[in-house]
Structures are given as C-alpha cells and as structure tokens.
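Take a look at the structure set out below.
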Amino acid sequence: MKATAAVLNQANGPFSLEAVDVADPQAGEVRVAIKAVGICHSDLVIASGAMGLQFPAVLGHEGAGIVESVGAGVSSVKPGDKVLLTFNSCGACAPCGHHEPAYCNHFVPLNMLAVRADGSTRVTREGQPLADNFFGQSSFASLSIANERNVLKLDADADLAALAPLGCGVQTGAGGVLRSLAAKAGETLVVLGAGAVGLSALLGARIAGCSAIIVVEPQEGRRVLATQLGATHVLDGQGDVAAAVRGILPEGADMVLDTSGFMPVVQQSVNMIANRGRVGLLGVPGSLDAALSVPVLQLLTQGATVRGIVEGDSDPAVFLPELIAHHKAGRLPIETFSKTYRLDQINEAIADSHQGKCVKAVLIVD
Ligand SMILES: [Zn+2]
Ligand SMILES: [Zn+2]
C-alpha cells in the first residue's frame, strides 16, 4: 500500500518525505495508520550513523495511530482501534517469560532495522528495500508495520499526540525510577539530563514520593522546567558535579539515574551515591566504545550497584496502562514539555530539539 515516509538517505539527514510502499501485514503483524509519533533521542543517535545504520532508512519508534489492517492470528486489536506502539519482543525466550521483554534474547533482530525472518522487507521505495522495522515499527511514516506484541489498544477517546511519547521516552524515564531503581518514598535521587527521559524520571520520582530530587542539566530553560515539575534542586553540570550533589546531600544520594549518555558527567555518578546506592544507566552514549571506569574498592565498600537499563525495564502490557492512568490523573503532565509539528517539519523539529527550543517533539501525521 502507498504511504509517505520521512526517509533518511545519509548520516545526520536531512529526512526527506518520500513515497514508499508498505507491505501487507503477515501473520502476527498489524498495519497501523500513524497519526502521531514522538522524536526520541535514540532516533538522533542512530541517525548520526555512529551505530552502523545502513541507508536509506526509516526511523521513528514512538508511534501512535489507528489499526488499518491485521495479519492472520491477530486477535487483540482490529481495524479502527486506536493503538500505542512500543518496542517489540519475542514472547517466547527466558527474559520474556520473566516479564522482562526489554531484555528479550531476540531484541536486536526484532527492533533494529532487520528484514523479516523469511527475508522479505516491509517497506520499499521504487522496488528497493529500505532499512525499516526500527523498534518494530519505523513510524516516521503514514503507515507502519508493527506486531501484535508491540501494539497496545487504547480507549476510543485517547489523545494520540499526547500519549505517543509513552511508547519509549516516558516509559524509559519513569520506568527507570519506578521499576529499574525501584524508588521508595523518602529516598533521594539525582537525575542526569533533563530531556524528555530525564523529566519523565523526575515525574516518576514524584509518583514514588522521593524526598530530594536533584536534576543536573546544562540548559537553563530545562532547569526551569524541572523546577516547575517538582525538582527540589537543579545543577548546571559544570565543574565537580559529585561535590555539588554532596553539598546538598552530604552522605550522597540513594539513586543516580543517567539519561544523558554524556560520559564526563556519567563518570562522576559513582561519587554521588550513598552507601548501598544504586546507579542506573539508560542514556545512549554517542559512541559504541564509551566505557565507564569504576573504582572497585569503592564499589564494594559501599555495596553499590551500577546497572544498565533498557526501556525502564518496562513490560509494556502492564506498565503502559499504569502510565496512561497516571497521565489521566494529572501525575504525568507530558504535554508541559512536548510540542507538536507536522511530519513534513521533521527537520525543523530536530533543529529545535538541538537548540533547546523544545524538549519532546511530536510529529502529527495526516
Ligand atoms: Zn524474547
Ligand atoms: Zn527511544
């Protein structure tokens, strides 16, 4: 079926709106008319080519839309249903069996620009295959092939533009605090970076009832936003950040969550924690060989934990409905940091994100 996609033909773009063909859904697949799609930091990291992306490609992984058709065996959604798209998983491996689909043994082929198991491609341009299936959706397009496991049925009155970022950035940030770090009421948290993921982490910490929430962010506008959303302290990230954190919390913080992937500050994270502190790393660094050097003696005497996190340890079928309920109740006001653009304004939206003019860009597709 004919569709329009924002195609990335070379590293760092620009994206160009082009006519493409989207295949019919196979067994287990769901073809979705995309109505809104957020731009996530990892779209931009991948678009830089640093992770080995093949061009031309269709990115986009915070899609929301209306089911257009379904393949054989799909029973949880039907044409006309509003759906939220998220990351894909196999449902059959050990991590999936433990309700940890973000660590699915088949995460890479199911989410990273791979052809189907039978070798066929989902998206073509003038008969030539494009790299697609990004997070099982490639939703910078008017039509997307997703899978029954990575679509969540929404209520008929759901606001797709408001909810689209839940599928990656918001569940990653809020889940990083609520699920991965398992924040408890009264605990203290440092959030590194106040992009959409960092602000979602801050909102997750508010939901958990954290006592002190320190947000470290170089852009002043985002520090102001963090304060408005409930950060108890903000730091600009200059100089010795760990010392600045200890100026506020002399014994260190119970938790540090990095959403920035900015290694000079990430490197300081282990010096920010209290005994038994937990450091969670979910910011994607800008290079494949980024490495963290941790003093082992300090780590063991503190009984500290340093761990990596994908998608906030989300089990989307369980966690996304919880987040939707928090949003409905006003505890997850993502509209305060999101801004809408048309799909054909994708390059402008990315430029605005880089310049700090918007935190979360959401593209509206008509
Ligand atoms: Zn799996
Ligand atoms: Zn993402």
Side-chain angles (χ1 to χ4, degrees), residues 6 8 28 34 36-48 50-51 53 57-64 84-114 117 132-140 144 146-150 152 163-176 179-180 193 195-201 204 257-261 280-286 308-320 323 334 337-338 346 349-350 353 358-363:
L8 186 69
I34 299 295
V37 52
I39 299 177
C40 183
H41 178 66
S42 35
D43 287 307
L44 307 181
V45 173
I46 293 281
S48 73
M51 303 290 171
L53 174 63
V58 182
L59 302 179
H61 65 286
E62 287 184 346
L84 183 63
L85 278 55
T86 184
F87 66 92
N88 197 15
S89 57
C90 80
C93 70
C96 283
H98 299 142
H99 303 286
E100 297 198 305
Y103 306 100
C104 173
N105 289 343
H106 307 284
F107 192 90
V108 172
L110 290 175
N111 289 280
M112 293 295 154
L113 305 145
D132 78 322
N133 192 44
F134 191 48
F135 282 78
Q137 53 184 283
S138 285
S139 46
F140 289 160
S144 163
N147 308 272
E148 188 170 25
R149 272 187 69 79
N150 72 321
L152 178 81
L163 297 181
L166 290 181
C168 183
V170 175
Q171 83 177 341
T172 296
R179 294 176 66 94
S180 316
V197 175
L199 293 175
S200 299
L257 185 68
D258 176 63
T259 72
S260 72
L281 305 178
L282 55 74
V284 180
I309 298 167
V310 170
E311 296 285 341
D313 290 0
S314 179
D315 181 359
V318 175
F319 192 46
L320 287 175
L323 293 178
I334 39 186
F337 57 87
S338 62
I346 182 170
I350 291 168
S353 305
C358 83
V359 177
K360 168 60 74 179
V362 178
L363 305 170

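Counting convention: from 1, in listed order, for ligands and their atoms alike. Just so it is clear, the structure is predicted and the values come from calculations on it, not from any experiment.
What you find for Val45 and Pro285 is that their closest heavy atoms are CG1-O, 4.1 Å.
Taking the side chain as every heavy atom from C-beta outward, Arg149 and Leu110 never approach each other to under 4.5 Å.
Between Phe87 and Phe107, the ring planes are tilted. Angles from 30° to 60° get that label.
Expressed to the nearest 10°, the angle at the Zn ion (ligand 1) joining SG in Cys104 with SG in Cys96 is 110°.
Put simply, the residue from Arg179, His99, Gln171 that forms a side chain to side chain donor-acceptor pair (under 3.5 Å) with Ser314 is Gln171.
Within His61, the N/O/S atom positioned nearest the Zn ion (ligand 2) carries the name NE2.
Here His106 fails the criterion, with no N, O or S atom under 2.8 Å of the Zn ion (ligand 1).
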